[in-house]
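Take a look at the structure below.
Because the structure is predicted, anything quoted here is derived from the model rather than measured.
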Amino acid sequence: MIMYELKCKGYIELPKNYDLNLVLSVYNFGFWFDGTNCFLQLDNEGNIVALIDTSGRYVVYSKDKSLKCSDLVDKLVYVLGLNEDLSKFYALAEKDPLLGCFSRKYRGWRVRSTSLWWGLVIGICQQNASFRQGWGMLYNIVKLYGRKAVLNVREYPLIPTPQDILDNPDLLIKARTGYRRETILRVARVIEKIENRIRKEKEPERIESIIKSIKGVGAYTARLAMVLSPRKYELPPIDRWLKKIISTTYGVDEKNAEKYWIYRWKNYSGLAALAVTIALDAVPLRKALERLRNGETCPLKETQIISPINMWKHMK
DNA sequence: TGCCAGGCGGGGT
DNA sequence: ACCCCGCATGGC
């Protein structure tokens, strides 16, 4: 249990074209977001966390009381992407057959960024599994390892640290991660070194290749983690699902899908890839292709199916 | 029941 | 550069 010494309170000035409710909702769990209040972990260990509501009122908590409030708030601003100008991305999306609707109705969306460690675990859990299965694994991992933050009288689950997982690797089996377990353990062992090597790198290709040096982490996982953690969008995480969607939508051969995607989305290729999963509710490939045929490229409002936008309602 | 998924690496050509 | 297979698990 982590207790906190320092509290910094304030009110976020919300930028134009920024939808905080959307940012907090997408790809979140019910134990972190309830529709109004959101718990955010701002570091690897959970020593710095925040509560924020959809109006922008926040409290940042730190275990170390010698830290400065302004630095803590900077972390919050970064995680929420408050300084990120995506007007170019949404301009490209406007006339796109996949993301046209998304750009009109959801242009307030930003990535809610996480640690590189957790970004990689997210990617690994998506490998060769459906959206629902992958996020089920992640839910199990957070719940089973049981790291917690105590704020006021409430407890919030924290992401297990790499050490937590190395201390009790068998919980990964219980979390139903299957053969992905070995890859998660390899990441846990080297993540600190990887982070240090990446720190001095700027080029996305270099960063990707450093991350890919971990066995079991390929282009898809490395690139997804680059989108989710350091907000680097140049390289798209393209899996079988998106590859097929690209080739049917734009009429390009599957083996040219990535090249075409980058030509189309420039330095926002990674962001666009993630946005498509939101726009199509991450439905399995068959259904996604059917929806494209019917021109249904906006997220659905119905709450029956679990989707990136409403999974917080289902996974509490 | 027996497939087959938002990957990946190893082993073949 | 390709192609092909197996891999835990869950859903259909």
> For Glu258(A) and dG7(B), what is the distance between atoms CD and C1' respectively, to the nearest whole Å?
Replying inline: 14 Å
> CD of Glu182(A) versus C1' of dG6(C): gap in Å, rounded?
Replying inline: 15 Å
> Separation of Ile124(A) atom CD1 from dG9(B) atom P, in whole Å?
Replying inline: 11 Å
> In whole Å, what separates the P atom of dG6(B) from that of dC2(C)?
Replying inline: 23 Å
>> From C-beta outward on Thr277(A), which listed nucleotide comes closest to its side chain: dG6(B), dG7(B), dG9(B)?
In response: dG6(B)
>> Using modelled atom types and a 3.5 Å cut-off, is there a donor and acceptor pairing between side-chain atoms of Trp312(A) and backbone atoms of Phe31(A)?
In response: no
>> Checking contacts here: which listed nucleotide (dT9(C), dA5(B), dG6(B)) is nearest the side-chain heavy atoms of Asn128(A)?
In response: dA5(B)
> How close or far is atom P of dT9(C) from atom CD1 of Ile141(A), stated in whole angstroms?
Replying inline: 13 Å
> Is there a donor and acceptor pair, one atom on the side chain of Tyr179(A) and one on the base of dG9(B), closer than 3.5 Å?
Replying inline: no
>> Does dC7(C) have OP1 or OP2 under 4.0 Å away from a side-chain N or O of Arg180(A)?
In response: no
>> Side chain of Thr221(A) only, heavy atoms from C-beta on: which candidate in dG7(B), dT9(C), dA8(C) is closest?
In response: dG7(B)
>> Show me the pairs that pass ring-ring contact (aromatic ring centres under 6.0 Å, His included) and involve residues 156-205 of chain A, at least two apart or across chains.
In response: Phe39(A)-Tyr156(A)
> How close or far is atom C1' of dG6(B) from atom CG of Asp281(A), stated in whole angstroms?
Replying inline: 15 Å
> Within the structure shown, what part of the strands sits under 4.0 Å from Ala219(A) by heavy-atom distance: base, sugar-phosphate, or nothing?
Replying inline: sugar-phosphate
> Can we say Asp170(A) and Arg181(A) salt-bridge, meaning some charged N sits less than 4.0 Å from an Asp/Glu carboxylate O?
Replying inline: yes
> How close or far is atom C1' of dA8(C) from atom CG of Asn140(A), stated in whole angstroms?
Replying inline: 14 Å
> Among dG10(C), dC7(C), dG6(B), which nucleotide sits nearest the side chain of Gln133(A)?
Replying inline: dG10(C)
>> For Met137(A) and Arg132(A), find the nucleotide of DNA chain C closest to each by heavy atoms; which residue's nucleotide sits nearer the 5' end?
In response: Met137(A)
> Nearest-Å distance, CD1 (Ile184(A)) to C1' (dG7(B))?
Replying inline: 13 Å
> Rounded to the Å, how far apart are Leu242(A) CG and dA5(B) P?
Replying inline: 16 Å
> The side chain of Trp241(A) lies closest to which of these nucleotides: dA8(C), dG6(B), dT9(C)?
Replying inline: dG6(B)
>> I'd like to know if Glu195(A) and Lys193(A) make a salt bridge, using a cut-off of under 4.0 Å between side-chain N and carboxylate O.
In response: no
> Which nucleotide in the list dG6(B), dG9(B), dC7(C) gets nearest to the side chain of Lys215(A)?
Replying inline: dG9(B)
Contacts under 3.5 angstrom, residues 224-231 of chain A side chains, donor-acceptor by atom type, not counting sequence neighbours:
residue   : atom : partner   : partner atom : Å
Ser229(A) : OG   : Thr114(A) : O            : 2.9
Ser229(A) : OG   : Leu116(A) : N            : 3.0
Arg231(A) : NE   : Glu84(A)  : OE2          : 3.0
Arg231(A) : NH1  : Tyr78(A)  : O            : 2.8
Arg231(A) : NH1  : Val79(A)  : O            : 3.2
Arg231(A) : NH1  : Val111(A) : O            : 3.3
Arg231(A) : NH2  : Glu84(A)  : OE1          : 3.4
Arg231(A) : NH2  : Val111(A) : O            : 2.6

> Can Lys266(A) be said to sit on top of Tyr263(A)'s aromatic six-ring, NZ or CZ under 6.0 Å from centre and within 45° of the ring axis?
Replying inline: yes
> What is the nucleic acid contact for Leu285(A), judged by heavy atoms within less than 4.0 Å: base, sugar-phosphate only, or nothing?
Replying inline: sugar-phosphate
>> Using a heavy-atom cut-off of 4.0 Å across all strands, would you classify Arg240(A) as base, sugar-phosphate, or nothing?
In response: base
